[in-house]
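Inspection log for the structure reproduced underneath, given as structure tokens.
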Amino acid sequence: QVQLVESGGGLVQAGGSLRLSCVVSGRTFSSNFMGWFRQAPGKDREFVAVISWSGGRAYYAESVKGRFLISRDNAKNTVILQMNSLTPEDTALYYCAGRRGADYSSRWLAYDYWGQGTQVTVSS
């Protein structure tokens with residue numbers, strides 16, 4: 001079993017920053033890739049960013065490129081999403097997800113493990 005616990009969400013004004021964390025426990029070696037997704041009320045779950053545990057590139061949704069940065073701390077089994085220049089359109093429930101597959105994916109159905117989510121609200 002793999003457990004993912006997100007933290008760091010909250011209320012922030014437009015233009016502000018938040019730092020989300022995802023701590024992975026259990027069979028941590030089961031996931032090759034870690035992603036962040038978000039879901040706003042009435043909308044589909046949306047890809048935000050993905051990174052591999054073994055290094056290599058990170059990939060971002062166009063809507064967050066240049067503003068968000070995903071990183072990982074292998075020693076702490078933690079994935080970080082640094083979010084800058086936030087806008088009200090970034091308001092959503094943010095999920096951390098783990099993928100066992102051998103390649104990157106932006107499809108939420110391709111992920112095997114999910115956290116409970118952390119709420120991010122950006123006021124205008």
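One-based numbering along the sequence shown.
In this structure, Trp114 and Phe37 have tilted ring planes: the angle between them lies in the 30° to 60° band.
Scanning all heavy atoms of the two residues, the minimum distance from Ser85 to Ser17 falls at N-OG, 4.3 Å. The nearest pair of heavy atoms linking Ala40 to Ala92 is N-CB, 3.8 Å.
At distances below 3.5 Å, not a single donor-acceptor pair connects side-chain atoms of Asp44 with backbone N or O atoms of Gln39. No donor-acceptor pair under 3.5 Å is formed between the side chain of Ser21 and the backbone N or O of Ile80. In this structure, the side chain of Ser31 does not engage the main chain of Phe33 through any donor-acceptor pair within 3.5 Å. Checking side-chain atoms of Tyr59 against main-chain N and O of Val48 turns up no donor-acceptor pair under 3.5 Å. No donor-acceptor pair under 3.5 Å is formed between the side chain of Ser54 and the backbone N or O of Ser52.
No chain of hydrophobic side-chain contacts below 4.5 Å, direct or via other Ile, Leu, Val, Met, Phe, Trp or Tyr residues, connects Val79 to Val50.
No cation-pi contact links Arg57 to Tyr104, judged by a cut-off of 6.0 Å to the six-membered ring centre and 45° from its axis.
Distance check, rounded to the nearest 0.5 Å: CZ of Arg45 to OH of Tyr111 gives 12.5 Å. Atom CG of Asn77 sits about 11.5 Å away from atom CD of Gln3, to the nearest 0.5 Å.
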Is there a side chain to side chain donor-acceptor pair (under 3.5 Å) between Tyr113 and Arg99 once you walk through the steps? CA-CA 7 Å; Tyr113 310 106; Arg99 169 169 162 74; over 6 Å; no
